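Reviewing the structure listed below.
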Amino acid sequence: MKGNTPLLEMKEISKSFPGVKALDHVSFDLFPGEVHVLVGENGAGKSTLMKVLAGAYPKDEGEIFINGETQSRWSPTAARAQGVAMVYQEFTLLPFRSVAENIFLGREKTLAGLFLDKASMHQEAGKILKSIGVDVDPRVSVLELGVAEQQMVEIAKALAMDARILVLDEPTSALSLREIEQLFSTVAKLKKNGVGIIYISHRMEELKQIGDRVTVMRDGQLIGTREVADITIDEVITMMIGREINELFPRHHCQPGEVALSVKGMKSGKKVKNVNLEVHFGEIVGLSGLVGSGRTETARAIFGLDHMTADDLEILGKKYKHIDPSLAVDIGVGLIPEDRRRDGLFPILSMEKNLVMVCLRKIFPNGVMKPSVEKKTATEYVKKFDIQPPALDRIVHHLSGGNQQKVVIGKWLAAKPRVIIIDEPTRGIDVGAKSEVHSFMDRLANSGHAILMISSEMPEILGMSDRIYVMHEGKVAGEFPRGTDSEEILRCAMGVN
Amino acid sequence: MNKKNNLAETEMTEDVQLIHEKPSIGKILSRFSRLGALLLLCIGISLLNQNFLKVSNLINVFRQAAPQIVISLGMTIVFLTGGIDLSLGSVVTMTSVVSGYVLTQTELPWWFAIIAAIGAGALSGFVTGQLIAIVKLPSAVASYGMLWVGRGLAFAIMGASPFFSFPDSFRYLGRGYLLGIPMPIWIVAIIALIMGWFLKYTTLGRSLYAIGANPHAARASGIKLSRTLVSAYIISGMLAAIGGIILAARLNAVDQDMGASFLLPAIASPVMGGTSMAGGQGGVAGTIIGSLIMIIVTNGMNLLGINSLWQQLVTGIVVVLSVWLDVIMRKRN
């Protein structure tokens, strides 16, 4: 395989976003008929690299070669013309249209330029599907297909556009074992046809099954590219983690008090299958796990945002059978949500109105508001969190990400909860705001609150948690004390023993 | 170990000076643009016809506007939550028929007719609200269903012949004067004050804005979504009923079509007054100004003797122009 001209070569690619260097001189190549696996923790830069490849993000520095030729103008159109195709976790198929119509979407074959030439589209689609070993009737609507079949149609759609470079992003995350086998045999067929495949996965066992080479990324940097045959899974994990984390976290550990929140045998939706956990007063408990392991869903279920069942749910010494967000607020539970814009903010309302929204019923129990009390409460939290600019009438839509997050945290603390669930406390905010948020969490815990913190960032989990639960496929797969090293946690999260 | 359940002891309490932003001239202009448009309209018409500014004409305008304003305020409440209530016109009909029935077909006192009508309005709002909050129908669909149910009920109660000749004490609500000012204007003033207070100074009023601004965040903030939504539709149904009562008292009769023509102006008035149909923004004052603009345009054209065929066209243009003006003003800020 070596010795040929690479299908794709990305040289020294750099890309920055305000405050973050997302890619730092990363090089990556792909040969025809090769499966090149790309691994790295959440936020390592894999998706950014793939978005640069697809032309969705312009690169700041670096060069892209296709078949050895440098590409001076790179854009989504150019990428498609050069045969780059992406298959994402969320499918982009039209459910009520037939398989063939989806495959030829936007490039329909016509008779005399007016009428759809269904016969030839069906024939052609059938041919493509057959070439990757998929037995799907091109006439049925996508709605009737299973998840794996839909994925195959996505791949067929890419091939119909003459894709030579195929990016599969976590293709097996939604598939059953049997479906995974089907996908792998399709991948084998694609290899034989000379297609190059970039395969992004969190599942280490798949690396050995279908990978030819593996590239590890971390913190926007290329850590290394190896032949899969020459490397063990342990070595890959070590490369992913790298050296010890030297970021400073302001956690002043204190002796935990009584149990504040206890959940046993909780199930919710498809993603939460069996969760057991406990949080004590004075404690920050980290909930770690890979994307899709059910962390956020666990938080939503405890707070009553999603329907859930549990063998036992005990909050602040009382047992509950059902819970909904308004009950949760009343008994002293707060959820600072992952998706700030969706579940946290009222973007068109003022800072003052946002800040008092959760505590309204508490500070005005008879339903009549006093503007002076409202203003006083809002002012208190603007000052406490140093929200910038300190203008109560400012519409929160116009604030920076960090200040928006402070508004969301502030509105929750104004309701004085005793149990606080924080989902991704520092996602998308700058470094300064990050350490402020961490200090608040530390002080909250040490003043007797119980905190359950969900985070995708390993340093945050390790630096802030007094205890760590790790989730894997909807279950709490392990519990670790403070001081556990990241490798052990990552192994648990990946289901590797 | 320090176990206080508050953060007052943290070191972040250094004095931060709040910024009180001075509104820019553009902001002031946009805040009063609607009022300005209303005044310009009045000046324009009075230049063309001296009769417009006569007290008797102005009182007449306000009296005509009264039911329209009350019904539009009901729609405003629903708009704030991000919904729409298409049944309001037919609720006006249904509730005024209910009051007509009580007044002419029973021996019950006149004030009971008012209670019955308002109760019927609340009940229909309750049903619409339940369909939206619990069954999760889109508000347009649920209220469209209620539109036909309301019409059907009105027909069923009334049969073939309209109800008319009501007792004087009831008619006083539509035709009477108190301290030289017509009763409908008193009623509108009282309702406007109550609604303004309700939206600004009660937690329920605030919750309506919250749901319209972001229903997901409202739920996640512990606001009782269903209960709040249902109360919005109950209030709008009750306001439609009050509009119906004023109308019935003024006309001294009810028939099966009297409410239908109020629906579209009730949608246009809040929008002209700056209430967003997407929810979360707007209020009482804007809706009153919006209603007045619509009524005054009609009144002005009547005074100027413009053919009623052209009047409808002009009304349409005025609605579009005034909303457009509002959009431009907002973009500039």
Side-chain angles (χ1 to χ4, degrees), chain A residues 254-255 257 281-282 300 303 305 324-330 335 337 339 341-349 353-354 356-358 360-361 364 367-371 379-380 382-387 389-394 408 411-413 415-416 418 436 439-440 443-444 446-449, chain B residues 1-24 27 31 80 82 197-228 231 275-276 278-282 330 333:
Chain A
C254 69
Q255 193 58 41
F281 289 115
R300 292 176 61 90
F303 188 68
L305 268 175
D324 62 68
S326 110
L327 176 65
V329 171
D330 289 344
L335 171 67
D339 192 338
R341 295 189 161 278
R342 191 186 120 104
D343 295 323
L345 286 177
F346 300 91
I348 57 172
L349 300 186
K353 287 180 179 163
N354 270 277
V356 298
M357 201 59 92
V358 185
L360 271 186
R361 267 184 297 152
F364 306 116
V368 179
M369 301 194 288
K370 283 206 192 83
T379 308
E380 185 186 336
V382 167
K383 289 183 177 172
K384 203 166 272 177
F385 286 86
D386 190 24
I387 299 172
L392 292 176
D393 295 333
R394 186 64 66 97
V408 175
K411 97 176 181 173
W412 273 106
L413 295 191
K416 304 213 182 335
R418 308 275 332 265
E436 279 180 68
S439 307
F440 282 123
R443 282 202 290 269
L444 276 172
N446 289 1
S447 60
H449 295 74
Chain B
M1 186 184 54
N2 175 11
K3 271 227 170 188
K4 282 187 200 88
N5 189 18
N6 63 57
L7 280 174
E9 267 64 35
T10 61
E11 69 261 32
M12 295 304 294
T13 43
E14 74 237 42
D15 230 14
V16 181
Q17 277 302 312
L18 286 185
I19 300 174
H20 294 285
E21 292 175 322
K22 277 190 197 141
S24 64
K27 260 194 185 141
R31 188 172 296 169
L80 288 180
W197 173 82
F198 166 72
L199 288 179
K200 209 163 177 195
Y201 296 115
T202 67
T203 55
L204 181 58
R206 178 64 59 80
S207 304
L208 298 176
Y209 284 93
I211 290 177
N214 184 351
H216 299 291
R219 181 159 172 262
S221 300
I223 289 171
K224 291 183 172 135
L225 216 54
S226 313
R227 197 184 285 188
T228 313
S231 39
T275 296
S276 158
Q281 270 175 323
R330 270 188 221 205
N333 289 301

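What's counted below: heavy atoms across the whole structure, side chains too, no hydrogens, waters or symmetry copies. In what follows, every chain begins at residue 1, and chains take the letters A, B, ... in the order their sequences are listed. For clarity, every value in this text was computed on a predicted model and none was experimentally measured.
Contacts of A/Leu349 with chain B are made by side-chain atoms alone, with heavy-atom separations under 4.5 Å and no backbone atom involved. Interface remark: A/Lys411 contributes side-chain atoms only to the contact with chain B (heavy atom separation under 4.5 Å). Heavy-atom distances place the side chain of A/Val356, and not its backbone, under 4.5 Å from chain B.
When the side-chain hydrogen bond (donor to acceptor under 3.5 Å, both in side chains) test is applied to B/Arg219, no partner is found at least two apart in sequence or on another chain. Residues passing the side chain to side chain contact (heavy atoms under 4.5 Å, CB included) test with B/Ser231 are B/Leu204, sequence neighbours excluded.
A distance of 10.5 Å separates CG in B/Asn214 from CZ in A/Arg341, rounded to the nearest 0.5 Å.
Between chain B and the options A/Leu335, A/Val408, A/Leu345, A/Leu327, heavy-atom pairs under 4.5 Å are most frequent for A/Leu345. Highest contact tally toward chain B, considering only A/Val368, A/Leu305, A/Val329, is held by A/Leu305 [criterion: heavy-atom pairs under 4.5 Å].
The environment of OH in B/Tyr201 is sparse: at most 12 heavy-atom neighbours from other residues, nucleotides or ligands sit within 6.0 Å.
Minimum interatomic distance between A/Pro347 and B/Ala213 (heavy atoms only, all atoms of both residues): CD-O, 4.4 Å. For B/Lys224 against A/Ser326, the heavy-atom pair with the smallest separation is CE-OG, 3.0 Å.
Between B/Tyr209 and A/Ile348, the closest side-chain pair of non-hydrogen atoms is not below 4.5 Å.
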B/Arg206/A/Met357 under side-chain contact (heavy atoms from CB on, under 4.5 Å): CA gap, chis, key distance, verdict: CA-CA 8 Å; B/Arg206 178 64 59 80; A/Met357 201 59 92; 4.1 Å; yes
